[in-house]
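Worksheet: the structure to be examined is printed underneath.
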Protein chains: 2
Amino acid sequence: MALRHAVLAALLDGELSGYQLAKAFDMGVANFWHALPQQLYTELSRLERDGMVAGREVVQDARPNKRLFRVTDAGQAELERFASAAAKPSFIRDDLLVKVQAADSVSTGPLIEQLTERAEFAEAKTALFEALLLKMRDGLGEDEFLKYGERIGPYLTCRRGLEFERGNRDWCRRTAQVLRERAHTSEASRVRS
Amino acid sequence: MALRHAVLAALLDGELSGYQLAKAFDMGVANFWHALPQQLYTELSRLERDGMVAGREVVQDARPNKRLFRVTDAGQAELERFASAAAKPSFIRDDLLVKVQAADSVSTGPLIEQLTERAEFAEAKTALFEALLLKMRDGLGEDEFLKYGERIGPYLTCRRGLEFERGNRDWCRRTAQVLRERAHTSEASRVRS
DNA sequence: GCGTCATACTCAAGAATATGAATAGTCATT
DNA sequence: AATGACTATTCATATTCTTGAGTATGACGC
(Lines give C-alpha, C1' and ligand atoms only; values in the text may rest on other atoms or scores of the structure.)
Protein backbone atom coordinates (compact mmCIF):
# COMPACT_ATOMS: atom_id res chain seq x y z
CA MET A 1 0.00 0.00 0.00
CA ALA A 2 2.52 2.60 -1.03
CA LEU A 3 2.13 3.03 -4.76
CA ARG A 4 -1.45 3.81 -3.85
CA HIS A 5 -0.52 7.09 -2.20
CA ALA A 6 1.89 8.05 -4.92
CA VAL A 7 -0.94 7.70 -7.44
CA LEU A 8 -3.33 9.73 -5.31
CA ALA A 9 -0.73 12.46 -4.86
CA ALA A 10 -0.08 12.55 -8.60
CA LEU A 11 -3.78 12.89 -9.36
CA LEU A 12 -4.04 16.00 -7.19
CA ASP A 13 -2.67 17.98 -10.12
CA GLY A 14 -5.82 17.25 -12.06
CA GLU A 15 -7.58 14.48 -13.90
CA LEU A 16 -5.27 12.03 -15.61
CA SER A 17 -5.69 8.87 -17.60
CA GLY A 18 -3.71 5.74 -16.79
CA TYR A 19 -1.60 6.41 -19.81
CA GLN A 20 -0.77 9.98 -18.83
CA LEU A 21 -0.05 8.83 -15.32
CA ALA A 22 2.31 6.21 -16.70
CA LYS A 23 4.23 8.87 -18.61
CA ALA A 24 4.54 11.02 -15.50
CA PHE A 25 5.82 8.08 -13.49
CA ASP A 26 8.19 7.08 -16.23
CA MET A 27 9.70 10.55 -16.17
CA GLY A 28 10.07 10.23 -12.45
CA VAL A 29 8.81 13.79 -12.42
CA ALA A 30 5.57 13.23 -10.61
CA ASN A 31 6.63 11.53 -7.43
CA PHE A 32 10.09 10.14 -7.59
CA TRP A 33 8.41 6.83 -7.33
CA HIS A 34 9.07 4.31 -10.02
CA ALA A 35 6.25 2.22 -11.49
CA LEU A 36 5.41 0.53 -14.77
CA PRO A 37 2.18 1.22 -16.68
CA GLN A 38 0.68 -2.15 -15.75
CA GLN A 39 1.03 -1.42 -12.06
CA LEU A 40 -0.62 1.93 -12.48
CA TYR A 41 -3.62 0.54 -14.34
CA THR A 42 -3.95 -2.15 -11.67
CA GLU A 43 -3.66 0.38 -8.87
CA LEU A 44 -6.18 2.71 -10.51
CA SER A 45 -8.69 -0.16 -10.70
CA ARG A 46 -8.15 -0.97 -7.05
CA LEU A 47 -8.47 2.68 -6.06
CA GLU A 48 -11.69 3.00 -8.03
CA ARG A 49 -13.06 -0.18 -6.46
CA ASP A 50 -12.26 1.28 -3.03
CA GLY A 51 -13.92 4.57 -3.91
CA MET A 52 -10.77 6.66 -3.63
CA VAL A 53 -10.70 7.78 -7.22
CA ALA A 54 -13.54 8.25 -9.70
CA GLY A 55 -13.09 7.65 -13.41
CA ARG A 56 -15.05 9.03 -16.31
CA GLU A 57 -14.95 7.86 -19.90
CA VAL A 58 -13.82 10.39 -22.46
CA VAL A 59 -14.73 9.54 -26.03
CA GLN A 60 -12.17 10.59 -28.62
CA ASP A 61 -12.47 10.19 -32.36
CA ALA A 62 -8.86 10.61 -33.48
CA ARG A 63 -7.59 8.25 -30.75
CA PRO A 64 -8.78 5.39 -28.58
CA ASN A 65 -11.14 6.43 -25.80
CA LYS A 66 -9.65 7.00 -22.39
CA ARG A 67 -10.69 7.15 -18.76
CA LEU A 68 -9.76 10.18 -16.68
CA PHE A 69 -9.47 9.77 -12.93
CA ARG A 70 -9.82 12.23 -10.11
CA VAL A 71 -9.36 11.89 -6.34
CA THR A 72 -12.58 11.55 -4.35
CA ASP A 73 -13.21 12.79 -0.81
CA ALA A 74 -12.43 9.31 0.49
CA GLY A 75 -9.16 9.39 -1.43
CA GLN A 76 -8.35 12.79 -0.01
CA ALA A 77 -9.05 11.47 3.50
CA GLU A 78 -6.77 8.50 2.87
CA LEU A 79 -3.98 10.86 1.77
CA GLU A 80 -4.46 12.91 4.90
CA ARG A 81 -4.23 9.77 7.03
CA PHE A 82 -1.12 8.67 5.17
CA ALA A 83 0.57 12.05 5.50
CA SER A 84 0.08 12.03 9.26
CA ALA A 85 1.40 8.50 9.80
CA ALA A 86 5.10 7.85 10.38
CA ALA A 87 7.12 7.64 7.18
CA LYS A 88 9.37 4.74 6.34
CA PRO A 89 12.97 5.68 5.73
CA SER A 90 13.82 6.16 2.09
CA PHE A 91 16.22 4.03 0.16
CA ILE A 92 18.12 4.07 -3.07
CA ARG A 93 18.46 0.93 -5.08
CA ASP A 94 21.07 1.31 -7.68
CA ASP A 95 22.84 -1.35 -9.69
CA LEU A 96 25.58 1.10 -10.51
CA LEU A 97 26.43 1.69 -6.84
CA VAL A 98 26.68 -2.05 -6.29
CA LYS A 99 29.03 -2.29 -9.26
CA VAL A 100 31.24 0.51 -8.00
CA GLN A 101 31.31 -1.15 -4.58
CA ALA A 102 32.90 -4.11 -6.37
CA ALA A 103 35.15 -1.87 -8.49
CA ASP A 104 38.36 -3.25 -6.99
CA SER A 105 37.71 -6.76 -8.21
CA VAL A 106 36.03 -6.31 -11.59
CA SER A 107 37.14 -4.76 -14.89
CA THR A 108 36.76 -1.01 -14.75
CA GLY A 109 36.29 -0.46 -18.49
CA PRO A 110 32.56 -1.21 -18.61
CA LEU A 111 32.13 0.59 -15.30
CA ILE A 112 33.60 3.80 -16.64
CA GLU A 113 31.36 3.48 -19.67
CA GLN A 114 28.25 3.05 -17.56
CA LEU A 115 29.21 5.92 -15.26
CA THR A 116 29.66 8.20 -18.26
CA GLU A 117 26.31 7.16 -19.67
CA ARG A 118 24.60 7.70 -16.35
CA ALA A 119 26.20 11.10 -15.96
CA GLU A 120 24.75 12.15 -19.30
CA PHE A 121 21.35 10.82 -18.34
CA ALA A 122 21.47 12.70 -15.05
CA GLU A 123 22.53 15.86 -16.88
CA ALA A 124 19.52 15.56 -19.18
CA LYS A 125 17.19 15.08 -16.24
CA THR A 126 18.75 18.07 -14.51
CA ALA A 127 17.94 20.27 -17.49
CA LEU A 128 14.42 18.88 -17.62
CA PHE A 129 13.79 19.55 -13.95
CA GLU A 130 15.19 23.07 -14.20
CA ALA A 131 12.82 23.83 -17.07
CA LEU A 132 9.93 22.31 -15.14
CA LEU A 133 10.63 24.43 -12.06
CA LEU A 134 10.79 27.55 -14.17
CA LYS A 135 7.49 26.67 -15.79
CA MET A 136 5.83 25.88 -12.47
CA ARG A 137 6.72 29.19 -10.87
CA ASP A 138 5.70 30.92 -14.08
CA GLY A 139 7.65 34.16 -13.95
CA LEU A 140 7.65 34.55 -10.19
CA GLY A 141 10.84 34.49 -8.13
CA GLU A 142 11.39 31.30 -6.20
CA ASP A 143 10.92 32.83 -2.75
CA GLU A 144 7.78 34.59 -3.81
CA PHE A 145 6.34 31.52 -5.42
CA LEU A 146 7.08 29.38 -2.38
CA LYS A 147 5.37 31.90 -0.12
CA TYR A 148 2.30 32.69 -2.15
CA GLY A 149 2.00 29.98 -4.79
CA GLU A 150 -1.07 27.82 -4.66
CA ARG A 151 0.50 24.53 -5.62
CA ILE A 152 3.95 24.08 -4.19
CA GLY A 153 3.99 20.31 -3.47
CA PRO A 154 5.19 19.29 -6.93
CA TYR A 155 7.64 22.18 -6.93
CA LEU A 156 9.23 21.09 -3.66
CA THR A 157 9.59 17.47 -4.74
CA CYS A 158 10.99 18.58 -8.07
CA ARG A 159 13.65 20.58 -6.24
CA ARG A 160 14.71 17.39 -4.47
CA GLY A 161 14.76 15.56 -7.78
CA LEU A 162 16.95 18.25 -9.29
CA GLU A 163 19.47 18.12 -6.46
CA PHE A 164 19.46 14.33 -6.57
CA GLU A 165 20.25 14.28 -10.27
CA ARG A 166 22.95 16.92 -9.89
CA GLY A 167 24.48 14.74 -7.21
CA ASN A 168 24.26 11.75 -9.47
CA ARG A 169 25.88 13.57 -12.35
CA ASP A 170 28.75 14.92 -10.26
CA TRP A 171 29.40 11.65 -8.50
CA CYS A 172 29.37 9.68 -11.75
CA ARG A 173 31.82 12.07 -13.39
CA ARG A 174 34.21 12.11 -10.44
CA THR A 175 34.02 8.36 -9.98
CA ALA A 176 34.68 7.72 -13.68
CA GLN A 177 37.64 10.11 -13.48
CA VAL A 178 39.09 8.29 -10.48
CA LEU A 179 38.81 4.94 -12.23
CA ARG A 180 40.35 6.34 -15.41
CA GLU A 181 43.33 7.73 -13.53
CA ARG A 182 43.89 4.43 -11.78
CA ALA A 183 43.83 2.65 -15.13
CA HIS A 184 46.85 4.82 -16.13
CA THR A 185 48.67 4.28 -12.87
CA SER A 186 49.84 0.70 -13.29
CA GLU A 187 49.00 -2.05 -10.87
CA ALA A 188 52.72 -2.42 -10.06
CA SER A 189 53.17 1.19 -8.97
CA ARG A 190 50.07 0.93 -6.83
CA VAL A 191 51.42 -2.04 -4.94
CA ARG A 192 54.82 -0.36 -4.47
CA SER A 193 53.33 2.76 -2.92
CA MET B 1 18.62 -11.50 -9.07
CA ALA B 2 19.73 -8.15 -7.80
CA LEU B 3 20.11 -8.52 -4.07
CA ARG B 4 22.42 -11.35 -5.05
CA HIS B 5 25.06 -8.98 -6.40
CA ALA B 6 24.73 -6.57 -3.54
CA VAL B 7 25.50 -9.43 -1.16
CA LEU B 8 28.48 -10.57 -3.22
CA ALA B 9 29.84 -7.02 -3.36
CA ALA B 10 29.45 -6.63 0.40
CA LEU B 11 31.30 -9.87 1.04
CA LEU B 12 34.33 -8.64 -0.90
CA ASP B 13 35.37 -6.75 2.22
CA GLY B 14 35.93 -10.01 4.03
CA GLU B 15 34.09 -12.89 5.61
CA LEU B 16 30.77 -11.97 7.18
CA SER B 17 27.96 -13.82 8.90
CA GLY B 18 24.35 -13.33 7.89
CA TYR B 19 23.87 -11.30 11.02
CA GLN B 20 26.79 -8.98 10.34
CA LEU B 21 25.66 -8.59 6.77
CA ALA B 22 22.20 -7.66 8.00
CA LYS B 23 23.67 -4.91 10.17
CA ALA B 24 25.68 -3.55 7.28
CA PHE B 25 22.59 -3.49 5.10
CA ASP B 26 20.54 -1.91 7.81
CA MET B 27 23.08 0.90 8.07
CA GLY B 28 22.82 1.35 4.36
CA VAL B 29 26.58 1.69 4.51
CA ALA B 30 27.52 -1.38 2.57
CA ASN B 31 25.66 -0.97 -0.66
CA PHE B 32 22.92 1.54 -0.50
CA TRP B 33 20.65 -1.36 -1.06
CA HIS B 34 17.96 -1.99 1.47
CA ALA B 35 17.23 -5.53 2.66
CA LEU B 36 15.86 -7.23 5.75
CA PRO B 37 17.77 -9.96 7.60
CA GLN B 38 15.43 -12.70 6.39
CA GLN B 39 16.12 -11.83 2.78
CA LEU B 40 19.86 -11.92 3.38
CA TYR B 41 19.79 -15.34 5.03
CA THR B 42 17.67 -16.64 2.15
CA GLU B 43 20.00 -15.12 -0.41
CA LEU B 44 23.09 -16.49 1.31
CA SER B 45 21.57 -19.98 1.21
CA ARG B 46 20.84 -19.63 -2.48
CA LEU B 47 24.31 -18.28 -3.18
CA GLU B 48 25.87 -21.17 -1.30
CA ARG B 49 23.70 -23.67 -3.14
CA ASP B 50 24.86 -22.10 -6.42
CA GLY B 51 28.50 -22.24 -5.33
CA MET B 52 29.04 -18.49 -5.35
CA VAL B 53 29.81 -18.16 -1.68
CA ALA B 54 31.31 -20.68 0.75
CA GLY B 55 30.36 -20.75 4.39
CA ARG B 56 32.23 -22.09 7.39
CA GLU B 57 30.87 -22.73 10.86
CA VAL B 58 32.47 -20.75 13.69
CA VAL B 59 31.83 -22.16 17.16
CA GLN B 60 31.44 -19.52 19.88
CA ASP B 61 30.92 -20.22 23.55
CA ALA B 62 29.56 -16.90 24.85
CA ARG B 63 27.18 -16.59 21.90
CA PRO B 64 25.30 -18.72 19.39
CA ASN B 65 27.49 -20.24 16.70
CA LYS B 66 27.63 -18.47 13.39
CA ARG B 67 28.48 -19.12 9.76
CA LEU B 68 30.95 -16.87 7.97
CA PHE B 69 30.70 -16.55 4.21
CA ARG B 70 33.25 -15.64 1.57
CA VAL B 71 32.97 -15.14 -2.20
CA THR B 72 34.18 -18.05 -4.32
CA ASP B 73 35.75 -17.86 -7.79
CA ALA B 74 32.34 -18.57 -9.30
CA GLY B 75 30.91 -15.73 -7.26
CA GLN B 76 33.68 -13.44 -8.45
CA ALA B 77 32.95 -14.42 -12.05
CA GLU B 78 29.26 -13.68 -11.55
CA LEU B 79 30.12 -10.23 -10.20
CA GLU B 80 32.33 -9.58 -13.20
CA ARG B 81 29.51 -10.60 -15.53
CA PHE B 82 27.07 -8.37 -13.64
CA ALA B 83 29.40 -5.37 -13.67
CA SER B 84 29.75 -5.57 -17.45
CA ALA B 85 26.04 -5.86 -18.16
CA ALA B 86 23.88 -2.76 -18.64
CA ALA B 87 22.68 -1.21 -15.39
CA LYS B 88 19.06 -0.48 -14.69
CA PRO B 89 18.33 3.14 -13.88
CA SER B 90 18.26 3.89 -10.18
CA PHE B 91 15.24 5.07 -8.31
CA ILE B 92 14.37 6.59 -4.99
CA ARG B 93 11.29 5.48 -3.19
CA ASP B 94 10.39 7.81 -0.44
CA ASP B 95 7.14 8.13 1.47
CA LEU B 96 8.16 11.58 2.55
CA LEU B 97 8.46 12.84 -1.01
CA VAL B 98 4.99 11.53 -1.79
CA LYS B 99 3.65 13.34 1.25
CA VAL B 100 5.29 16.61 0.27
CA GLN B 101 3.89 16.20 -3.23
CA ALA B 102 0.47 16.25 -1.57
CA ALA B 103 1.45 19.10 0.78
CA ASP B 104 -1.11 21.50 -0.66
CA SER B 105 -4.05 19.35 0.32
CA VAL B 106 -3.06 17.78 3.65
CA SER B 107 -2.25 19.22 7.08
CA THR B 108 1.29 20.50 7.16
CA GLY B 109 1.85 20.06 10.90
CA PRO B 110 2.75 16.37 10.80
CA LEU B 111 4.69 16.96 7.59
CA ILE B 112 6.92 19.58 9.20
CA GLU B 113 7.47 17.21 12.11
CA GLN B 114 8.49 14.36 9.83
CA LEU B 115 10.75 16.60 7.77
CA THR B 116 12.51 17.78 10.90
CA GLU B 117 12.94 14.23 12.12
CA ARG B 118 14.28 13.12 8.76
CA ALA B 119 16.69 16.04 8.67
CA GLU B 120 18.13 14.95 12.00
CA PHE B 121 18.40 11.38 10.82
CA ALA B 122 20.19 12.50 7.67
CA GLU B 123 22.51 14.68 9.73
CA ALA B 124 23.43 11.69 11.88
CA LYS B 125 24.10 9.57 8.82
CA THR B 126 26.21 12.35 7.35
CA ALA B 127 28.43 12.36 10.42
CA LEU B 128 28.64 8.57 10.33
CA PHE B 129 29.68 8.53 6.69
CA GLU B 130 32.25 11.27 7.22
CA ALA B 131 33.83 9.27 10.03
CA LEU B 132 33.77 6.15 7.89
CA LEU B 133 35.50 7.86 4.98
CA LEU B 134 38.17 9.21 7.29
CA LYS B 135 38.72 5.75 8.72
CA MET B 136 38.87 4.12 5.30
CA ARG B 137 41.54 6.43 3.95
CA ASP B 138 43.40 6.03 7.22
CA GLY B 139 45.49 9.19 7.40
CA LEU B 140 46.01 9.59 3.67
CA GLY B 141 44.67 12.58 1.74
CA GLU B 142 41.65 11.85 -0.38
CA ASP B 143 43.37 12.28 -3.75
CA GLU B 144 46.27 10.14 -2.69
CA PHE B 145 44.02 7.43 -1.34
CA LEU B 146 41.90 7.38 -4.48
CA LYS B 147 45.01 7.06 -6.63
CA TYR B 148 46.94 4.49 -4.69
CA GLY B 149 44.51 2.90 -2.22
CA GLU B 150 43.88 -0.78 -2.62
CA ARG B 151 40.19 -0.82 -1.81
CA ILE B 152 38.38 2.20 -3.14
CA GLY B 153 34.99 0.67 -4.08
CA PRO B 154 33.38 1.11 -0.67
CA TYR B 155 34.97 4.55 -0.39
CA LEU B 156 33.43 5.73 -3.65
CA THR B 157 29.97 4.44 -2.80
CA CYS B 158 30.23 5.98 0.65
CA ARG B 159 30.97 9.35 -0.94
CA ARG B 160 27.72 9.06 -2.87
CA GLY B 161 25.91 8.11 0.32
CA LEU B 162 27.34 11.14 2.07
CA GLU B 163 26.27 13.53 -0.65
CA PHE B 164 22.85 11.92 -0.77
CA GLU B 165 22.31 12.38 2.95
CA ARG B 166 23.57 15.94 2.83
CA GLY B 167 21.05 16.59 0.07
CA ASN B 168 18.35 14.98 2.14
CA ARG B 169 19.20 17.04 5.19
CA ASP B 170 19.27 20.34 3.32
CA TRP B 171 16.10 19.65 1.39
CA CYS B 172 14.22 18.58 4.50
CA ARG B 173 15.27 21.70 6.37
CA ARG B 174 14.40 24.06 3.54
CA THR B 175 11.11 22.34 2.84
CA ALA B 176 10.11 22.41 6.51
CA GLN B 177 11.00 26.12 6.58
CA VAL B 178 8.86 26.85 3.53
CA LEU B 179 5.88 25.06 5.07
CA ARG B 180 6.37 26.84 8.40
CA GLU B 181 6.44 30.23 6.72
CA ARG B 182 3.29 29.45 4.80
CA ALA B 183 1.58 28.43 8.03
CA HIS B 184 2.23 31.99 9.29
CA THR B 185 1.09 33.64 6.09
CA SER B 186 -2.66 33.10 6.38
CA GLU B 187 -4.71 31.32 3.77
CA ALA B 188 -6.62 34.56 3.10
CA SER B 189 -3.53 36.59 2.22
CA ARG B 190 -2.35 33.83 -0.08
CA VAL B 191 -5.59 33.88 -2.05
CA ARG B 192 -5.51 37.68 -2.27
CA SER B 193 -2.03 37.78 -3.70
C1' DG C 1 0.68 0.65 -49.03
C1' DC C 2 4.07 -0.40 -45.55
C1' DG C 3 6.46 0.03 -41.49
C1' DT C 4 6.74 2.55 -37.37
C1' DC C 5 5.44 5.36 -33.70
C1' DA C 6 2.02 7.20 -30.28
C1' DT C 7 -2.23 6.56 -27.88
C1' DA C 8 -4.81 3.60 -24.69
C1' DC C 9 -5.40 -0.43 -22.16
C1' DT C 10 -5.54 -5.64 -20.34
C1' DC C 11 -4.10 -10.27 -18.75
C1' DA C 12 -1.21 -13.79 -16.89
C1' DA C 13 2.85 -15.77 -14.79
C1' DG C 14 6.81 -15.45 -12.34
C1' DA C 15 10.44 -13.36 -9.51
C1' DA C 16 11.54 -10.44 -5.87
C1' DT C 17 10.48 -8.27 -1.53
C1' DA C 18 8.11 -7.55 2.82
C1' DT C 19 5.75 -9.15 7.04
C1' DG C 20 5.01 -11.87 11.00
C1' DA C 21 6.23 -15.27 14.05
C1' DA C 22 9.49 -18.52 16.35
C1' DT C 23 13.64 -20.34 18.65
C1' DA C 24 17.42 -19.98 22.05
C1' DG C 25 21.24 -18.56 24.83
C1' DT C 26 23.83 -14.43 27.03
C1' DC C 27 24.25 -10.01 29.22
C1' DA C 28 22.97 -5.89 31.66
C1' DT C 29 19.51 -3.32 34.09
C1' DT C 30 15.74 -2.60 37.26
C1' DA D 1 13.85 -12.59 39.50
C1' DA D 2 11.74 -10.50 35.72
C1' DT D 3 12.38 -7.37 31.70
C1' DG D 4 14.32 -6.13 27.85
C1' DA D 5 18.32 -5.90 24.40
C1' DC D 6 21.81 -8.34 21.58
C1' DT D 7 23.57 -12.30 19.00
C1' DA D 8 22.20 -15.62 15.41
C1' DT D 9 19.07 -17.86 12.50
C1' DT D 10 14.80 -20.19 10.24
C1' DC D 11 10.14 -20.85 8.32
C1' DA D 12 5.88 -19.54 6.21
C1' DT D 13 2.92 -16.41 4.09
C1' DA D 14 1.52 -12.31 1.74
C1' DT D 15 2.19 -8.57 -1.09
C1' DT D 16 4.42 -6.15 -4.65
C1' DC D 17 6.99 -5.68 -8.76
C1' DT D 18 8.69 -7.16 -13.12
C1' DT D 19 8.40 -9.45 -17.60
C1' DG D 20 6.24 -10.64 -21.64
C1' DA D 21 2.61 -10.84 -24.56
C1' DG D 22 -1.49 -9.14 -26.68
C1' DT D 23 -5.44 -5.86 -28.62
C1' DA D 24 -6.87 -1.87 -31.26
C1' DT D 25 -6.86 2.70 -33.75
C1' DG D 26 -4.93 6.58 -36.23
C1' DA D 27 -1.13 9.53 -37.83
C1' DC D 28 3.31 10.19 -40.20
C1' DG D 29 6.84 9.62 -43.32
C1' DC D 30 8.86 7.23 -47.42
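Each chain gets a letter, A, B and so on, in the order the sequences are listed, and its residues count up from 1.
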Per atom distances to the A/K88 side chain, the nearest of C/dT19, C/dA8, C/dT17 is C/dT19
A/Q39 has its side chain closest, among D/dA8, D/dC17, C/dA8, to D/dC17
Compare side-chain N and O positions of [X] against OP1 and OP2 of [N] and report whether any pair is under 4.0 Å apart.
X     : N      : answer
B/R93 : D/dC17 : yes
A/Q38 : C/dC11 : no
B/H34 : C/dT17 : no
B/K23 : D/dT7  : yes
A/K66 : C/dA6  : no
A/S17 : C/dC9  : yes
A/Y19 : C/dC9  : no

DNA chain D nearest-nucleotide lookup for A/L36 and A/D61: closer to the 5′ end is A/L36
Result for 5'-nearest mapping on DNA chain D, choosing between B/R63 and A/L3, is B/R63
Check the distance between [N]'s [atom2] and [X]'s [atom1] and give it to me in whole angstrom.
X     : N      : atom1 : atom2 : answer
A/E43 : C/dT10 : CD    : P     : 14 Å
A/R46 : C/dT10 : CZ    : C1'   : 14 Å
B/L16 : D/dA8  : CG    : C1'   : 14 Å
A/R4  : D/dT15 : CZ    : C1'   : 13 Å
A/L21 : C/dT10 : CG    : P     : 13 Å
A/N65 : C/dA6  : CG    : C1'   : 16 Å
B/Q60 : D/dC6  : CD    : P     : 17 Å
A/L68 : C/dT7  : CG    : P     : 14 Å

Quiz item: Are side-chain N/O atoms of A/S17 and A/Q20 paired as donor and acceptor at under 3.5 Å?
Solution: yes
Next on the checklist: With a sphere of 6.0 Å drawn around CG of B/D13, does it hold more than 12 non-hydrogen atoms of other residues, nucleotides or ligands?
Outcome noted: yes
Quiz prompt | B/F121 atom CZ, neighbour heavy-atom count above 12 within 6.0 Å | solution = no
Flag, side chain of A/R93 to backbone of B/H34, donor-acceptor distance under 3.5 Å: yes
| query | Does NZ or CZ of B/K66 come closer than 6.0 Å to the centre of the six-membered ring of B/Y19, within 45° of the ring's axis? | reply | no
